[in-house]
2 protein chains.
Amino acid sequence: MTASPQSDRRVQRREAKVAAILDEAWKLAHRDGLAAVSLRDLADAVGLRQPSLYVYFESKADLYDAMFADGYRQLLAYIGTRRRADDPRQALANLVTDCVRFSSDDVVRHQLLFQRTIPGFEPSQASMTLAVEFYNLARERCDAAGIRTQADMDVLTALISGLAHQQVANNPGGRRWVRYADRVVEMFLADLDRRTTLERNSR
Amino acid sequence: MTASPQSDRRVQRREAKVAAILDEAWKLAHRDGLAAVSLRDLADAVGLRQPSLYVYFESKADLYDAMFADGYRQLLAYIGTRRRADDPRQALANLVTDCVRFSSDDVVRHQLLFQRTIPGFEPSQASMTLAVEFYNLARERCDAAGIRTQADMDVLTALISGLAHQQVANNPGGRRWVRYADRVVEMFLADLDRRTTLERNSR
DNA sequence: GTCTATATTCGGATAGAC
DNA sequence: GTCTATCCGAATATAGAC
């Protein structure tokens, strides 16, 4: 199962090309809207003829899927670059801030990853694996901060997506809702503590 | 400026027809996705030929705009049917629940009203008036509950949109996040009280 | 107001030469 | 892998008769 040096280079070339195409696809999506990206424009942008794109993607849905996967890789990479605080609660607050910031940094990416808005597009299993990877990372960090029930997770995810959504929808390019992240996590954790205390006292 | 009985009836007929067309447009949007609604299918559904739709809407964007306005009228009507609790905090909690429920009742409507997802579509000024009307209603109710600063409003709107988003994205047709509305408002108000106390003590 | 007919543009996708 | 050529379908929109 040893690949020849030639095929090695070929694979590498191909991956570089795919990456370049994806890059232009994001640019077009920013310019025209995600649903309005066309394979013709995309081919133009990368200096290919439109049918040649089919060498790299077998359909338009496949292109969206690759963008979806790319977006989640970006998210995982971004979270990976951030230092994790020692205090688990602080680490959680930072994660929330990072998520909201990540969304606010690219409205279109946010749209593709977190809103299901392209008619007919469903991420493939392979792409969903990346989404799950992120979800597990978040759950692990929640666990460390003492958030264990599904209900608590549900509420927290709602808080994150709400901040991200308002940020993207009402202050694109800004940081208005990003700045509320710490406050919201504090609020959430205080509520958690209050509930724990209440439960203990009722026993 | 007195309209004749004839033109009166004509206007009424026309409005009824527009309403019927909008009704079918919503159905198609549910079936195919909002962005995938076509004037051909729509004309078919209402028993007209496709060009005849241009008697009622001057473009496709105009149709979306009418749907947008219709959606906000539905929202205002829905909130209007709900009894307003005497306790302002309870009234606020109910409003939040109602908003989330409203979103969860129609994913596509939620998408059109609260996510900006159709490339090139911008609501007209006339339609935005309805959106503003709703926003004012919400602000008034917040005011009654003692929420007055912009930051507090910002956080509250994030909470609502987060609950609504998670509901439509992850439990469409269900009530999973609707049920967290009361808890989230409680949490928010408790935080508000805590902040007020802190501020008072620091003076 | 509704129709037929059609313009126009644009989209994704395929066949087959090089 | 890339190209030319082309298919096919679908979309919005307009002209003009009735």
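To find a chain, count down the sequence lines: A is the first, B the second, and so on, and within it residues start at 1. Since we're looking at a predicted model, the values are computed, not measured.
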Under the side chain to side chain contact (heavy atoms under 4.5 Å, CB included) rule, collect the residues that match up with [X], sequence neighbours excluded.
X        : value
A/Thr157 : B/Gln166, B/Trp177
B/Pro172 : B/Val107
B/Glu133 : B/Leu76, B/Leu130
A/Thr149 : A/Ala151, A/Asp152

Measure from [atom1] on [X] to [atom2] on [N] and round the result to the nearest Å.
X       : N      : atom1 : atom2 : answer
B/Leu53 : D/dA13 : CG    : P     : 11 Å
B/Tyr54 : C/dT2  : OH    : C1'   : 15 Å
B/Asp44 : D/dA11 : CG    : P     : 11 Å
B/Leu48 : C/dT2  : CG    : P     : 6 Å

Which listed nucleotide ([options]) is nearest to the side chain of [X]?
X       : options               : answer
A/Tyr56 : C/dT2, D/dA13, D/dG1  : D/dG1
A/Leu39 : C/dT2, C/dG12, D/dT12 : C/dG12
A/Gln50 : D/dT12, C/dG12, C/dT2 : C/dG12

Query raised in the report: Under 4.0 angstrom, heavy atoms only, what part of the nucleic acid is A/Arg13 near: base, sugar-phosphate, or nothing?
Result: nothing

Report task. Could you check whether A/Ser38 gets within reach of a base, just the sugar-phosphate, or nothing at all, counting any heavy atom under 4.0 Å? Result -> sugar-phosphate

Query raised in the report: Is it true that the NZ or CZ of B/Arg109 lies under 6.0 Å from the centre of B/Phe68's six-membered ring and within 45 degrees of the ring axis?
Result: no

**Report entry** Any residue meeting side chain to side chain donor-acceptor pair (under 3.5 Å) with A/Asp154, in chain and number order, not counting sequence neighbours
**Finding:** A/Gln150, B/Arg176, B/Tyr180

Query - side chain to side chain contact (heavy atoms under 4.5 Å, CB included) partner of B/Phe188, the single match among B/Asp193, B/Leu156, B/Val96 - result: B/Leu156

Query - More than 12 heavy atoms of other groups within 6.0 Å of B/Asn136 CG - result: yes

Which donor-acceptor pairs under 3.5 Å do side chains of residues 17-29 of chain B form with protein atoms, sequence neighbours excluded?
| residue | atom | partner | partner atom | Å |
| --- | --- | --- | --- | --- |
| B/Glu24 | OE2 | B/Lys27 | NZ | 3.4 |
| B/Trp26 | NE1 | B/Asp70 | OD2 | 2.9 |

Query raised in the report: Is B/Arg194 paired with B/Glu199 through a side-chain N to carboxylate O contact shorter than 4.0 Å?
Result: no

Report task. Could you list by number each residue of residues 27-36 of chain B showing a heavy-atom separation from DNA chain C of less than 4.0 Å, or answer none if no residue does? Result -> none

Report summary line: Under a 4.0 Å heavy-atom cutoff, the residues of residues 57-66 of chain A touching DNA chain C are A/Ser59, A/Lys60

Query - Pairs involving residues 94-105 of chain B, ordered by first then second residue, that meet side chain to side chain donor-acceptor pair (under 3.5 Å) (sequence neighbours left out) - result: B/Arg82-B/Asp98, B/Gln90-B/Asn94, B/Ser103-B/His110, B/Ser104-B/Arg175, B/Asp105-B/Arg175

Quick one: is [N] close enough that its OP1 or OP2 comes under 4.0 Å of any side-chain N or O from [X]?
X       : N     : result
A/Arg49 : D/dT2 : no
A/Arg14 : D/dG1 : yes
B/Ser52 : C/dC3 : yes

Query - Residue whose nearest DNA chain C nucleotide is more 5′ - B/Arg40 or B/Lys17 - result: B/Lys17

Requested in this report: Could you note down all residue pairs passing salt bridge (Lys or Arg N to Asp or Glu O under 4.0 Å) where residues 33-56 of chain B supplies at least one of them, sequence neighbours left out?
Outcome: B/Arg31-B/Asp41

**Report entry** Bending between helix ends of the helix from C/dG1-D/dC18 to C/dC18-D/dG1 [5 pairs per end, 10° resolution]
**Finding:** 0°

Report task. Please confirm whether the backbone N or O of B/Val37 pairs with a side-chain atom of B/Asp32, one donor and one acceptor, at under 3.5 Å? Result -> no

**Report entry** Exercise: do A/His30 and A/Asp106 side chains pair donor with acceptor under 3.5 Å
**Finding:** yes

Under 3.5 Å, N/O pairs linking protein and nucleotides 15-17 of chain D:
none

